[in-house]
Amino acid sequence: MAIVNYNPNVSLCGGTPPAPAPAPQGAAPGTSVTPSVELHVCMGLNACKGHDRNGTNNCAGTGYCATAQQHNCQTLNNCRGQGGCGLYGDAEQQLIPGANECAWQGSCAVPIQAERFSTLGENAGKSVWLQARKLFEQRMVKANRSYGKAPYKCGPPQNWLVSVLGSYDSCGNSGDKRCSFGFNDPEVHAKELCEGKKE
Amino acid sequence: MSQNLFFKKESEVTPANLGDAIQQAIEIEIATIPVYLYTYYSINRSPDQDAISGSLVQELVKSGKSVADASAIALDLSAEIMVYANKAGALIMSVVIEEMLHMALSSNLKQALAGLPDLVGKSPSVWPTCLPGHEPVFWINKAGFSLKQLETFLKIESPDPLADVGLLQAPIPYKTIGQFYDMIKECIATNDLPYNTHSPQLLPGKGYYAQNNIDTVYYDKDHKPHFTNAEDSGDLLYVFDRDSALHAITCIVDQGEGTKDVPGLNPDGSVDCTAIVPADFDDKDKKELCHFEKFAQIYCHYKTLSNKFNSLDIGVVDISKYFVTKVPLNPLTVDYPSNIAPVSDLLNGIYTYLFVMVENCYMKAGSTQFEIFMFGVHKSMIFILNSICGDIMKLTYTTPQGEVCAAVPTFEDYPFGLLSSPKSQLIDLYNTAVAVYPTISYLGPRILDLPDVPLKIRGKF
């Protein structure tokens with residue numbers, strides 16, 4: 001629905017705090033509850049079996065796609081750990097794709113295309129997805145968990161995402177992140193980004 | 001914008017008028033933002049290379065080149081246009097980002113030395129406009145990208161006084177922005193002033209300011225990204241004593257005009273590109289030029305590229321046709337027809353609400369300030385404002401002069417009333433706009449998400 005209505009209680013700041021909602025009535029004994037999956041931001045970042053978008057992956061790290069809600073810009077993530085990063089945000093934020101502290105604190109779109117690079121900080125000019133995967137692998141090692149290879153070594157390519165999602169892009173005016181104008185060879189540059197060569 | 005309240009009779013900054021002087025500095029910074037943004041949005045940063053190349057091949061073949069030669073030349077030059085359009089956009093955006101930083105630094109300065117900064121209603125309301133207090137007066141238009149508009153940008157950022165030739169005469173409050181800041185510095189350096197360390201400021205380390213984002217990046221012909229701002233060229237600063245106040249001003253001046261006595265700006269406002277030597281950097285690694293030299297670089301690159309096209313024997317080529325959208329001069333929302341005006345009102349409401357929220361950040365500390373800034377200012381600026389600027393430019397209209405132009409963001413202060421909250425008025429604006437332009441319906445939930453902050457009651461604080 002296009003029309004929206006003003007309600008001070010849905011505002012984050014400055015409005016009157018909302019009244020507490022009534023306590024929910026307990027579910028009838030024996031009612032089954034569908035377990036939630038862990039929400040993560042991209043291919044190869046799932047911690048458990050069956051926790052990718054299709055629910056069919058058989059191992060940590062091997063899932064095909066994000067379980068967090070797809071979005072295309074900074075501040076649009078729903079909750080903790082559900083934001084991407086790379087194109088916006090400060091240097092600190094750009095080091096923690098998929099590990100933001102709270103809703104709306106992600107600094108870029110989800111999922112994270114293989115072509116996306118950081119624009120600030122230690123990871124500037126390098127792959128965002130590889131940084132996200134590095135954090136994921138560190139978490140798995142700390143938790144004594146085994147994990148498998150991601151379906152794509154450097155994360156999901158933009159073309160693949162479009163083929164799966166219908167359409168997808170992260171925001172910004174500077175043109176296509178995998179642009180092929182001039183004398184560019186997209187495959188060469190994707191490979192460089194994948195291998196971690198600083199642009 | 002309150003034009004030049006300061007300096008009507010006085011010509012120096014004293015402890016008595018320091019607050020007015022800093023407020024004037026804030027208004028100078030604010031005045032540049034709509035000008036640079038307007039020109040920015042007239043640039044198509046990723047034009048259709050095939051279309052450019054195709055038309056060039058046709059022209060070159062007509063002039064006697066073989067198809068193979070024409071194709072090779074067209075590929076090369078069309079790539080140069082692609083790079084140039086993106087680079088011009090990136091450099092202008094990199095300056096806009098730093099102008100916003102300067103507004104915040106000046107506001108921190110005012111908060112520490114003179115009280116709350118006034119930001120709402122300070123954008124220029126009459127066009128062409130001028131910088132408050134600048135002498136000589138020179139007129140500034142909201143205009144599309146061109147060499148002439150770049151000359152205006154260079155005047156704004158000029159480190160050296162402008163020649164008076166052909167310009168209006170006026171009393172002399174200050175001759176360059178740097179000189180104006182020097183007067184404020186002198187007052188701060190030579191007086192023992194009290195510093196308010198209890199009121200909120202916009203502080204570093206909270207993620208409020210980022211030197212680069214994807215819009216300050218451009219790609220070269222080999223698709224290597226270039227980051228136009230350096231990470232160590234400047235950041236927000238907490239102003240709490242004399243040294244920090246002077247540090248904030250130094251950052252503003254170094255990033256803007258840079259050092260004095262830069263050659264290249266001719267008395268008529270044009271640039272002598274043979275005299276321009278990029279040498280004035282803001283950072284230790286010498287990666288980021290000052291604003292003046294960024295604009296000089298775009299200006300001279302434009303001329304070089306034009307010369308390449310004009311040496312092809314295909315007639316006089318205005319390269320701007322490849323990447324600049326035809327936009328009106330100094331449009332106002334009242335100029336737009338009824339299918340565009342409500343969209344423009346919404347855009348201006350969002351633009352003004354940004355200033356409302358930043359003002360509120362100077363009245364709120366801690367997590368409330370953080371939420372207003374991160375979820376209000378960032379969301380409004382990066383997602384909502386940028387999106388609606390793109391959407392409005394898909395609409396066209398016929399100007400009173402009979403030209404068909406794209407509707408462009410006018411960046412006017414929207415006059416929020418006092419009878420209801422600005423956010424509720426913003427939602428009304430959205431509902432009216434979406435009724436005439438359903439394309440923007442995706443913005444509804446995002447506007448609903450914005451923090452609900454009040455207008456500052458003038459004179460109360």
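Chain identifiers are assigned alphabetically (A, B, ...) following the order of the sequence lines, protein sequences preceding nucleic acid strands; residue numbering begins at 1 within each chain.
Of the listed residues N44(B), I440(B), V217(B), N229(B), the one with more heavy-atom pairs under 4.5 angstrom with chain A than any other is V217(B).
Proximity to chain A (any heavy atom under 4.5 Å) is restricted, for V434(B), to the side chain, taken from C-beta onward. Contacts of S118(A) with chain B are made by backbone atoms alone, with heavy-atom separations under 4.5 Å and no side-chain atom involved. In this structure, chain A has no heavy atom under 4.5 Å from any part of S78(B). Of the two parts of Y442(B), neither the backbone nor the side chain holds a non-hydrogen atom closer than 4.5 Å to a non-hydrogen atom of chain A.
In terms of heavy-atom proximity, F117(A) sits nearest to P225(B) at CZ-CB, 3.8 Å. Annotation for L120(A) and A210(B): closest pair CD1-CB, 3.6 Å, computed over non-hydrogen atoms.
Put simply, the side chain of N431(B) gets close to the backbone of V4(A): a donor and an acceptor are under 3.5 Å apart. For the pair E231(B) (side chain) and G121(A) (backbone), a donor-acceptor distance under 3.5 Å is present.
Taking CZ from R446(B) and SG from C73(A), the interatomic distance works out to 10.0 Å, rounded to the nearest 0.5 Å. Taking CG of N213(B) as the start and CG of L87(A) as the end, the distance is 8.5 Å to the nearest 0.5 Å. For the atom pair CZ of F383(B) and OH of Y88(A), the computed distance is 10.5 Å after rounding to the nearest 0.5 Å. Atom-to-atom distance recorded for M381(B):CE and T75(A):OG1 is 10.5 Å, nearest 0.5 angstrom. Separating the CG atom in N5(A) from the CG atom in D428(B) is a distance of 9.5 Å, to the nearest 0.5 Å. Here the CD atom belonging to E92(A) is positioned 11.5 Å from the NZ atom belonging to K206(B), to the nearest 0.5 angstrom.
The number of heavy atoms from other shown groups lying within 6.0 Å of CZ (F416(B)) is above 12. Remark: E38(A) CD is packed, more than 12 non-hydrogen atoms of other residues, nucleotides or ligands lying under 6.0 Å away.
Residues T119(A) and Q211(B) are not in side-chain contact: their nearest non-hydrogen atoms beyond the backbone lie 4.5 Å or more apart.
A donor and an acceptor atom, one from each side chain of S421(B) and Y6(A), are located under 3.5 Å apart.
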Between R116(A) and I214(B), is the side-chain contact (heavy atoms from CB on, under 4.5 Å) condition met? List the steps.
CA-CA 10 Å; R116(A) 193 186 307 167; I214(B) 194 62; over 6 Å; no
